[in-house]
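Shown next, in structure tokens, is the structure this report addresses.
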Protein chains: 2
Amino acid sequence: MSQYLKVIADSSRLEILDLLSCGELCACDLLEHFEFSQPTLSHHMKLLRENDLILMRKDGNKNMYRLNKAVIENLTDKLSLLSSEAVPCICHDMDKGSC
Amino acid sequence: MSQYLKVIADSSRLEILDLLSCGELCACDLLEHFEFSQPTLSHHMKLLRENDLILMRKDGNKNMYRLNKAVIENLTDKLSLLSSEAVPCICHDMDKGSC
DNA sequence: CATCTATATAGATTTTTGTCTATATAAGTA
DNA sequence: TACTTATATAGACAAAAATCTATATAGATG
């Protein structure tokens with residue numbers, strides 16, 4: 001889980017996900033919205049893809065990206081378990097007050 | 001938001017939050033569950049506190065920690081907006097296909 | 001085929017961050 | 001007061017990560 005969070009925790013990548021949240025965009029559309037270079041965008045998209053947070057299709061020489069909403073939902077669901085009560089979790093194995 | 005996520009994205013801190021999800025624990029209880037040193041734990045707790053993800057009270061010479069569930073809920077709520085439709089978001093300002 | 005556009009890769013560099021050791025502080029206890 | 005336990009701080013160091021420039025590839029188009 002921390003691996004997914006690390007990918008999302010970068011402000012540029014989070015903004016990319018936000019931009020994609022309304023629908024498909026190509027890399028060059030995204031690039032125009034950022035200050036960083038094209039190889040940097042390529043690097044971010046690769047990370048997002050490798051971690052299944054986005055999906056890609058080829059359209060001519062363009063890469064069209066969209067959110068993988070299922071994976072993102074799954075991540076937020078798991079994260080919300082932290083603030084919910086009475087779920088199976090590692091904290092049950094803790095011995096309190098042993099120090 | 002990415003600041004919060006960066007704090008949570010570390011696997012040690014995520015595990016600390018998980019351990020705290022069942023209730024209050026002192027730093028020394030937590031320390032016994034990890035391989036790293038006491039100063040490292042202290043550093044992690046400081047980060048979690050500075051970002052309001054946990055709350056602390058003093059009990060003698062011990063620090064008692066608990067989750068700040070409100071903040072964590074707020075974070076997961078905002079994150080879940082990514083995978084939901086039709087919310088106000090920066091992607092509406094995008095000009096698609098301008099490249 | 002030559003060229004342009006869109007994207008990827010390689011490699012270097014800088015920043016960030018997680019960790020350590022050593023030491024300090026602060027509270028409890030004999 | 002001396003000592004022990006719990007925690008914090010300072011400073012160093014190493015690993016990870018974000019960025020860049022330069023270059024390569026791949027598809028579209030004249």
Side-chain angles (χ1 to χ4, degrees), chain A residues 1-20 23-66 94-99, chain B residues 1-20 23-66 94-99:
Chain A
M1 231 188 106
S2 95
Q3 171 60 21
Y4 284 113
L5 289 171
K6 277 206 181 92
V7 175
I8 291 189
D10 177 79
S11 60
S12 300
R13 287 190 294 266
L14 192 59
E15 192 166 346
I16 290 168
L17 294 180
D18 203 359
L19 290 170
L20 291 178
E24 210 176 40
L25 289 172
C26 69
C28 46
D29 277 333
L30 288 168
L31 185 58
E32 292 194 352
H33 241 72
F34 291 99
E35 302 294 313
F36 50 64
S37 66
Q38 178 271 319
T40 297
L41 178 66
S42 184
H43 169 250
H44 285 315
M45 301 317 279
K46 189 179 181 183
L47 265 180
L48 288 167
R49 268 188 74 192
E50 284 175 348
N51 289 276
D52 294 317
L53 290 160
I54 58 174
L55 300 168
M56 195 195 90
R57 68 178 178 89
K58 285 269 183 195
D59 179 16
N61 61 347
K62 289 187 179 182
N63 289 2
M64 304 301 296
Y65 294 105
R66 62 188 188 282
M94 281 291 290
D95 29 326
K96 295 182 176 192
S98 58
C99 57
Chain B
M1 229 187 111
S2 97
Q3 171 60 19
Y4 284 112
L5 289 170
K6 276 204 181 96
V7 175
I8 291 189
D10 176 77
S11 59
S12 301
R13 288 191 291 268
L14 192 57
E15 192 167 347
I16 290 169
L17 294 181
D18 203 359
L19 290 171
L20 290 178
E24 210 178 39
L25 288 173
C26 70
C28 46
D29 277 334
L30 288 169
L31 185 58
E32 291 194 353
H33 241 71
F34 291 98
E35 302 294 311
F36 50 64
S37 67
Q38 178 271 319
T40 297
L41 178 67
S42 184
H43 169 250
H44 285 315
M45 301 317 279
K46 189 179 181 183
L47 265 181
L48 288 168
R49 269 188 73 193
E50 284 174 348
N51 289 275
D52 294 318
L53 290 160
I54 58 174
L55 300 167
M56 194 194 89
R57 67 179 178 89
K58 284 269 182 193
D59 180 16
N61 62 346
K62 290 187 177 182
N63 289 2
M64 305 300 296
Y65 293 105
R66 62 187 188 283
M94 280 291 290
D95 28 323
K96 296 181 176 192
S98 57
C99 57

*Just compare C/dT7, D/dT19, C/dT21 and give me whichever is closest to any side-chain atom of A/C28.*
C/dT7
*B/D10 side chain: which of C/dG18, D/dT7, C/dC20 is closest?*
C/dG18
*Output the residues of residues 48-63 of chain B in contact with DNA chain C, where contact means a heavy atom of the residue under 4.0 Å from an atom of the strand; sort by number or write none.*
B/G60, B/N61
*asked:* Using a heavy-atom cut-off of 4.0 Å across all strands, would you classify A/H43 as base, sugar-phosphate, or nothing?
replied: base
_Heavy-atom side-chain contact between A/E15 and A/S11 under 4.5 Å_ = no
*Let me know the distance between CZ of A/F36 and C1' of D/dC20, rounded to the nearest Å.*
13 Å
*Between B/A27 and B/Y65, which heavy-atom pair has the shortest distance, and what is it?*
CB-CE1, 3.8 Å
*Want to settle it: does A/E35 or B/D29 sit nearer the 5' end of DNA chain D, counting the closest nucleotide to each?*
B/D29
*Below 3.5 Å, does any donor atom in the side chain of A/Q38 face an acceptor in the base of C/dA8, or the other way round?*
yes
*Among B/N51, B/D52, B/L14, which residue meets the side chain to side chain contact (heavy atoms under 4.5 Å, CB included) test with B/V7?*
B/N51
_Which is more 5' along DNA chain C, the nucleotide nearest A/P39 or the one nearest A/K6? Just name the residue._
A/P39
*What's the CD-P distance between A/E32 and C/dT5, to the nearest Å?*
13 Å
*Report yes if some heavy atom in the side chain of B/R13 is under 4.5 Å from a heavy atom in the side chain of B/L53; otherwise report no.*
no
*asked:* Could you tell me how far apart A/L47 (CG) and C/dA8 (P) are, to the nearest whole angstrom?
replied: 12 Å
*Tell me, do B/N63 and B/K58 make a side-chain contact under 4.5 Å, heavy atoms counted?*
yes
*Using a cut-off of less than 4.0 Å, is there contact between a side-chain N or O of B/K46 and OP1 or OP2 of D/dT9?*
yes
_Just to be sure I understand the rule, does A/F34 reach a base, reach only the sugar-phosphate, or reach nothing, if contact means heavy atoms closer than 4.0 Å?_
nothing
*Between C/dA8, C/dC20, C/dT19, which one does the side chain of A/S42 approach most closely?*
C/dA8
_Atom-to-atom span, CE of A/M45 to P of D/dA18 - whole angstrom_ = 14 Å
*Can B/R57 and B/E24 be said to form a side-chain contact (heavy atoms from CB on, under 4.5 Å), step by step?*
CA-CA 10 Å; B/R57 67 179 178 89; B/E24 210 178 39; 2.7 Å; yes
_A/T40 side-chain N/O to D/dA18 phosphate OP1/OP2 under 4.0 Å_ = no
*Between A/F36 and A/H44, is the ring centre distance below 6.0 Å?*
yes
*Starting from the C-alpha separation in whole Å, work towards a yes-or-no answer on side-chain contact (heavy atoms from CB on, under 4.5 Å) for B/I16 and B/L41.*
CA-CA 9 Å; B/I16 290 169; B/L41 178 67; 3.9 Å; yes
*Quickly work out the A/I8 CD1 to D/dA17 P distance and round it to whole Å.*
15 Å
*To the nearest angstrom, how far is A/L31 atom CG from C/dA8 atom P?*
11 Å
_Which nucleotide in C/dT7, D/dC20, C/dT19 has an atom nearest any side-chain atom of A/A27_ = C/dT7
*How long is the line joining CG of A/L41 and P of C/dT7, in whole Å?*
8 Å
